[in-house]
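Reviewing the structure listed below.
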There are 4 protein chains.
Amino acid sequence: MSSRDDTSSLPSRPQRRRLPVEERTPQILDAALEEFAARGYAGARMAEVARRAGIAKGLIYHYFPSKTELFQATVRACTRPTFEAAERSFAAHPGSAREVLRTLVDLGYDKAGNDPRDRTLFRLLITEAANVPELAAFYREEVLSRSLGIVRRLLAEGAASGEFRPDLPDAPGYAEVVLAPVLMLPVWQMMLGEQDAPAPEAMRAAHHAMLMAALSR
Amino acid sequence: MSSRDDTSSLPSRPQRRRLPVEERTPQILDAALEEFAARGYAGARMAEVARRAGIAKGLIYHYFPSKTELFQATVRACTRPTFEAAERSFAAHPGSAREVLRTLVDLGYDKAGNDPRDRTLFRLLITEAANVPELAAFYREEVLSRSLGIVRRLLAEGAASGEFRPDLPDAPGYAEVVLAPVLMLPVWQMMLGEQDAPAPEAMRAAHHAMLMAALSR
Amino acid sequence: MSSRDDTSSLPSRPQRRRLPVEERTPQILDAALEEFAARGYAGARMAEVARRAGIAKGLIYHYFPSKTELFQATVRACTRPTFEAAERSFAAHPGSAREVLRTLVDLGYDKAGNDPRDRTLFRLLITEAANVPELAAFYREEVLSRSLGIVRRLLAEGAASGEFRPDLPDAPGYAEVVLAPVLMLPVWQMMLGEQDAPAPEAMRAAHHAMLMAALSR
Amino acid sequence: MSSRDDTSSLPSRPQRRRLPVEERTPQILDAALEEFAARGYAGARMAEVARRAGIAKGLIYHYFPSKTELFQATVRACTRPTFEAAERSFAAHPGSAREVLRTLVDLGYDKAGNDPRDRTLFRLLITEAANVPELAAFYREEVLSRSLGIVRRLLAEGAASGEFRPDLPDAPGYAEVVLAPVLMLPVWQMMLGEQDAPAPEAMRAAHHAMLMAALSR
DNA sequence: GATGAATGAGACTTCATTCAT
DNA sequence: CATGAATGAAGTCTCATTCAT
């Protein structure tokens, strides 16, 4: 019915479509993200990834040599562009350090609280980084270091312009403490589910209030 | 003939000692904690739990009906006493709200940074809560709610005594933001390893500084 | 019928018999020999080995960690006793060097020509030694070197007693040439099948004749 | 647009050159010989044959319908010319039976010991003949029978001329025993590797000595 | 109670073969 | 003719669970 030669009521896609690599690769990565998100690394099944992608099991191995490599590629492919976009948007910062900080925090809560894809990724990163050294390195270098870097630059600029207290940029650990609540929210969401985790909007507002009080001179 | 006095040949005693339930159960739970901590739920092997406990595989099933149940029993058995002890120590709070807050934060960083057993548990809770509903409920009710409760009481007491700003106790999400950095540290440690995670001492100091600045009137 | 609870006409052995290791191991090795002989190393299937042994697939892995190790154990277990028995029987050699040589050659043709188990082993050794270094080493040290050693000792004894020409024991390569026809017969049998290979009896007689003519002074 | 003059970017030309059957066929057979020699029949991979030939996997199936047929074609294509050449060189035998025999033996050890292509073929013939009936028939008819025929003719000529003992030509199995050491050398080389196999030169000399002693009247 | 041999479902992965392009 | 993406059957191996001893 939906395809030529359909003799009955089968799932209707036994058809062998040949796609260019640039289309097939993201198709597989999308399916893999779904599956890894649903079951974690160890629980995910290659057969299920294939089913989600609508292809045969073996084809995955044309594109990725093993489950491990597929997993890393999945996380990398999804995390990097998200984060790079975030960083670009900060490069052209519009106003005072205070405003930029507010924007930064808002964006963090937005990503963590609303974007299901990013939350999924965050969860995978957290639960699997301990088992996959390369993933830990990836998180450290491409996510955490960049985030902390942005915060530190903001603290320095705010101190230079007189908006923030001057002793903060040099206090070790300060950027981590500033950033932590934003990152803790998705951890809670992951552990407790969206409905039982602390309310994102409340945390965002409280976080703003605390930062303004703590950073202003 | 096959009795216990035969000390002749082998150095390893198969032993086959019949132990009462009260001794065997914690022996198994200890071994299970080690194994689950080392490999996560999915990666853990029942045979390895048995080996660590020095018993045969089959014996585990006399005490726990399945891997899942063993896992839940393990987390429950280990988390509850740890946390109850922590709460008891706060009940008898010694001085001003400011001092108690400092003690609270110190204790959090201490547990997270130094006690390997607690860090192990924390890791298991984080990585597996999403898959084991009962674990999530346990965390929410027995760990997170209690912690937040303590913080809220402190904020209220500090506001009442004039030490802290009066608007904080009623701000929703404030306790979460205050607590988050303490909890984020073990998450980072879990993900990155102790040596690559942010420095606990620096975070502790920065956290103190920020809280004092943010909470004081 | 042949077992309790037999509800129909099934192969009648779903029964889980627990055997001591000393009985199960040779049972598996026997089955493995059959399967490896029938299909070669690469073609053999672990599932088929299990079926021949009447056990479940997984049990093989209790006894041998991998297909490769099972293969090596199979060859070792079968070759060593056969060869050691042969060597022992020569230790107590009865008469003149000439007679012993005749006995040796006879035994070689007998083993090669008639014992199906030894022929199977020989075939496996030949076809797989090139791919399994440990097997080649095993053949060199435990089969070829010993065989050549026996021949060399015989040549020396015959020279000492005046039965054989005195220049032979020191000629390098002589023992190899003496031995080669005995070993070539099973190669031909393997390649061509028993019916199309050269006739063992004819070769034995011709080999005797040639050796007597060549070795006598 | 996609034509051959584009030398701009890549150093590897995908080429897609359309070749006549007479060129493509030996190209594939050469690659197949390499691969089968390196891994045996079961271990050989069609993809690797294609890679060695510098073509796509699918193209092999334009020329050979299956792996089995490719294998047979490979052995046939390589063995026949080699052996025919050898036989031609004997047809014009120059001198006495004794000299011809020496030449024959020398050539055998030469082929076996030095020509890597022939040794490769020999190995394939030995290891796979048992599994491929057509290969066994080929070996029997085109290799073994011819070789034995040459030896028998030589024994007869030597007996006729008085150089050799007169009883040999009629002794069944004699030609096999005369020939066996020459053929056993490459078997050993295959099993043990060139460095661990018996020394070809020593065997050649010993073989000469034994034959002269055994055949002379 | 205690053991560990035994089971069997199911996981990852390979590769001969097909076929859309 | 030529390509290499795509298929799917089949293989090795793992491990939670059972049960004869």
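Letters go in sequence order (proteins before strands), and every chain restarts at 1.
Among the nucleotides F/dT21, F/dA6, F/dG4, the one closest to any side-chain atom of C/Arg18 is F/dT21. Nearest to the side chain of B/Tyr63, among E/dA6, E/dA2, F/dA6, sits E/dA2.
Put simply, the side chain of A/Leu29 reaches to within 4.5 Å of the side chain of A/Leu70, judged on heavy atoms. Residues A/Arg24 and A/Ile55 are in side-chain contact: their nearest non-hydrogen atoms beyond the backbone lie under 4.5 Å apart. For the pair C/Tyr63 and C/Val21, the minimum side-chain heavy-atom distance is below 4.5 Å.
Residue C/Leu70 contributes atom CG, which lies 15 Å from atom C1' of F/dG11 at whole-angstrom precision. One interatomic measurement links the two molecules: CZ of C/Phe71 to C1' of F/dC13, which rounds to 19 Å at whole-angstrom precision. Separating the CG atom of A/Leu19 from the P atom of E/dC19 is a distance of 18 Å, rounded to the nearest angstrom. In this structure, B/Arg51 atom CZ and E/dT3 atom C1' are separated by 17 Å, rounded to whole Å. In this entry the distance linking CZ of B/Arg39 with C1' of F/dA16 reads 15 Å, nearest Å. F/dC1 atom P lies 14 Å from atom CD1 of D/Ile60, rounded to whole Å.
Put simply, C/Arg17 has no side-chain N or O that comes within less than 4.0 Å of OP1 or OP2 on E/dA5.
Across all strands shown, B/Phe64 has no heavy atoms under 4.0 Å from either base or sugar-phosphate atoms.
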Sequence-aligned protein contact record of nucleotides 12-18 of chain E, with B where the base is within under 4.0 Å of a protein heavy atom and S where only the sugar-phosphate is:
SBBSSBB
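With sequence neighbours left out, B/Arg45 forms a salt bridge (Lys or Arg N to Asp or Glu O under 4.0 Å) with no residue at all. Take C/Arg39 and apply the salt bridge (Lys or Arg N to Asp or Glu O under 4.0 Å) test, not counting sequence neighbours, and it matches C/Glu35. By the salt bridge (Lys or Arg N to Asp or Glu O under 4.0 Å) test, C/Glu128 is found to be paired with no residue, residues two or more places apart in sequence or in another chain being considered.
Looking at C/Arg52, its side chain never comes within 3.5 Å of a backbone N or O of C/Ala32 through a donor-acceptor pair.
Residues in residues 55-77 of chain C take part in these salt bridge (charged side-chain N to carboxylate O under 4.0 Å, His left out) pairs, two or more places apart or across chains: C/Arg76-C/Glu134.
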Between B/Thr68 and B/Tyr41, is the side chain to side chain contact (heavy atoms under 4.5 Å, CB included) condition met? List the steps.
CA-CA 8 Å; B/Thr68 301; B/Tyr41 176 76; 2.8 Å; yes
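Secondary-structure stems of DNA chain E, taken as three or more successive Watson-Crick or G-U wobble pairs (i with j, i+1 with j-1) under a 3.5 Å distance threshold, comprise E:2-21 with F:2-21.
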